[in-house]
2 protein chains.
Amino acid sequence: MSTATPATIEDVARLAEVSIATVSRAIHTPDKVAKSTRQRVNQAIAITGYTTNAMARSLRMGRSNMILVLAPDIGDPNFSPILIGIENEARAHGYGVLIGHTQNDPERGLDYLKFLNSNQAAGLVLFTGHEPFGHQELSQRLPPTVAVFEPVFGARVSYVGVDDTAGARKAAEYLLASGHRSIAFIGDSRTKLGHVRRRKGYDLALDAARIAPDRRIVIEGEGSVESGRLAVEQLFMRDTLPSAFMCVNDATAIGVINGLAARGYDLPRDFSVIGFDDVAQATYLHPPLTTVRQPRSAIGRQAMALLLKQLTEPGEGTQEILIMPDLIVRGSVTSAMRSR
Amino acid sequence: MSTATPATIEDVARLAEVSIATVSRAIHTPDKVAKSTRQRVNQAIAITGYTTNAMARSLRMGRSNMILVLAPDIGDPNFSPILIGIENEARAHGYGVLIGHTQNDPERGLDYLKFLNSNQAAGLVLFTGHEPFGHQELSQRLPPTVAVFEPVFGARVSYVGVDDTAGARKAAEYLLASGHRSIAFIGDSRTKLGHVRRRKGYDLALDAARIAPDRRIVIEGEGSVESGRLAVEQLFMRDTLPSAFMCVNDATAIGVINGLAARGYDLPRDFSVIGFDDVAQATYLHPPLTTVRQPRSAIGRQAMALLLKQLTEPGEGTQEILIMPDLIVRGSVTSAMRSR
DNA sequence: ATCGGTCATGTAAAGGTTTACATACTGCTG
DNA sequence: CAGCAGTATGTAAACCTTTACATGACCGAT
């Protein structure tokens, strides 16, 4: 029963008085073994508490049934809901999910690369926005991979995420419809592809509203709470204040709100702020944040579905799936008429 | 170089013109192989890009060098900093870390149990507050385990966490020192051991201040934002309002703050609120939350250190390490004199 | 009665390691 | 020069599976 070492297929075979091959078949291709034998085997399995040794199995088969999800920051509020989408879809198809935390450290990435190299994962989901490994050359023998949330910079990897451009455009159009004409964009349009796309949505909306490019205010910020706060400081330095802040994500928006509150302004009366992501926290801010909602669990689900497709039909082609997000109107945007 | 299939030890052996045994020795016990041979092997390894197949290795050795961390909710703001502590300590000793997300679903727990059963992890860290598996009987062959953050309910498992009682007592004493005499406690004193301990800290402080038990207000709440909001509603029903709210954790405190704000109260003027955990968000609340800080990375580090000790010296004894937390004073508590 | 085919099961190899044991060589000691 | 200790390396078994191939029994058709 509960011996120190787990039961092997051999223990089961002995108890059921068959060969180990028959046991294996009884488990994986039950129709290939006679009914009576099958019953005996199942009984023996129940008695011994046998569980197939996944490691030996994967070693033999040259492929496991685990999916590795790599994230630089587990704490990212977007991560957990996406993960749940991934897990549900994976589980429905008999795959398990493991998470690797890279902390953006190439050393750590390499650890997980070794893991992959040993065939311990059949597929890979990247939440990193870039390849997590220092040595590219090794990447060539990566398993089927799909990136979520942030496209991978300059690599042919499938991607599932929100339609950043369309979402950002919705946000900007909402600000415009509220009467704002001086709208600042805060984000990193230099290195982050997702940010670049959101910036594009902003530009498209302002173009359509015939707001001249030189009347736009764009502040660089890498997308953290701190960067939002800094952006506010910068604007005060310059002394060119917009009536609305369009932030590349909610974290930045939180920084902006804090920065403005710290200077004694009353939101949303004095300034409007809009975010992107709709993190859980957004509802609890003062004012509650108007933002663009990431369809997180849909992203996870579709990413996993795509990965599974790539696993079963290894037909090279990488694919990009963009999901349209919704604007969630809360209280952080007001009509521009009342303010300056 | 980069063939389709990864290089094996055999490829290295052929290239270095030695046997596979020598290669293995050159890697793991270098002093047992002649210097010149060692050099040749290392060269061959470099050329082939050989990486030892962790799966085959673990299968042979009957133990891996991965640690599995099981969490019901990856998104818990306490999780990520603890995890980092765990990872740093693990990495320093040559272990890798994988995370399993159970979502409190026994089915999923069972998946990870299979993982463990295959020796795919040498040790286990539980962030669950309970055993994550439906079938207890199987738990008997669990690898060395330590629980963090929340002690495991009724099981002999080592534990590393904050000293809940002492921390809660500090919080309560601070409220008392601020002149509050009517202090509500909101938490789940029935099923959650951590909550029970915090409640005890609350009771000890109030005992010492000679506040009669029948003048204490205790509201049951399971520790979510929603439960905090609900607790406020309950208190308004009863019409017995405290001057201060001592919340079992920050999530509850956020709920309380929102509940009070929704009813039009001005914090911290009208009510004082204190939390426990010091989540990242705490600084950005209105008012900024006074709370007890979890020494998160220390918990992670010490937990991993303890686990490593258990791995090397399998000497049965389970151990409990309690770390003393600090009170972080921000703006959510004011002197009771000014309010009612 | 022989043959061919189907079905149920067994035998053994393979997957990539680690390591106990065996072997072969070198250089000493007596 | 026999004998021995020590060092460097090789051989092969073991870890636990899956699966191609072989075996043998049985049945129906010739």
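Values in this document were obtained by computation on a predicted structure and should not be read as measured data. Chain letters run A, B, ... following the sequence lines, proteins first and then strands; every chain starts at 1.
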Colleague: If you check the B/Ala56 side chain, which of D/dT17, C/dG10, C/dT17 turns out closest?
Modeller: C/dT17

Colleague: Any sub-3.5 Å donor-acceptor pair from B/Thr145's side-chain atoms to B/Pro143's backbone N or O?
Modeller: yes

Colleague: To the nearest Å, how far apart are B/Glu10 CD and C/dG15 P?
Modeller: 9 Å

Colleague: With side chains defined as the heavy atoms from C-beta onward, is the minimum distance between B/Leu113 and B/Leu142 less than 4.5 Å?
Modeller: yes

Colleague: Of the candidate nucleotides D/dC16, C/dG16, C/dT9, which contains the atom at the shortest distance from the side chain of A/Ala34?
Modeller: C/dT9

Colleague: With nearest nucleotides of DNA chain C determined for A/Lys32 and A/Ile20 from heavy-atom distances, which residue corresponds to the more 5′ nucleotide?
Modeller: A/Lys32

Colleague: Hey, which sits more toward the 5' end of DNA chain D by its nearest nucleotide, B/Ser36 or B/Met61?
Modeller: B/Ser36

Colleague: Using whole Å, report how far NE2 of B/His28 lies from P of C/dT19.
Modeller: 8 Å

Colleague: Starting at the 5' end of DNA chain D and moving along, which residue's nearest nucleotide shows up first, B/Leu59 or B/Thr37?
Modeller: B/Thr37

Colleague: Using whole Å, report how far CG of B/Asp31 lies from C1' of D/dT9.
Modeller: 15 Å

Colleague: Looking only at the side chains, is there a donor atom on one of A/Asn78 and A/Arg296 sitting less than 3.5 Å from an acceptor on the other?
Modeller: yes

Colleague: Is A/Ala21 touching bases, backbone alone, or none of the nucleic acid, heavy atoms closer than 4.0 Å?
Modeller: base

Colleague: Could you check how far CG of B/Asn119 sits from C1' of D/dA14, rounded to whole Å?
Modeller: 14 Å

Colleague: In whole angstroms, how far is the P atom of C/dC7 from the NZ atom of A/Lys35?
Modeller: 17 Å

Colleague: How long is the line joining CZ of A/Arg57 and P of C/dG16, in whole Å?
Modeller: 17 Å

Colleague: In whole angstrom, give the distance that lies between atom CD of B/Gln39 and atom P of D/dA8.
Modeller: 14 Å

Colleague: What's B/Ser19 touching, base or sugar-phosphate or nothing? Going by heavy atoms closer than 4.0 Å.
Modeller: base

Colleague: Considering every strand and a 4.0 Å limit on heavy-atom distances, what is the contact class for A/Ser24: base, sugar-phosphate, or nothing?
Modeller: base

Colleague: Is any NZ, NE, NH1 or NH2 atom of the basic residue among A/Lys114 and A/Asp111 found under 4.0 Å from an Asp or Glu carboxylate oxygen of the other?
Modeller: no

Colleague: Counting just side-chain N and O atoms, does A/Thr22 come under 4.0 Å of either OP1 or OP2 of C/dG10?
Modeller: yes

Colleague: Going by distance alone, is a donor N or O of one side chain under 3.5 Å from an acceptor N or O of the other, for B/Ser158 and B/Gln310?
Modeller: yes

Colleague: Spell out yes or no: do the side chain of A/Arg25 and the base of C/dG10 have one donor N/O and one acceptor N/O closer than 3.5 Å?
Modeller: yes

Colleague: Can you tell me the distance, in whole Å, between the CE atom of B/Met55 and the P atom of D/dA14?
Modeller: 22 Å

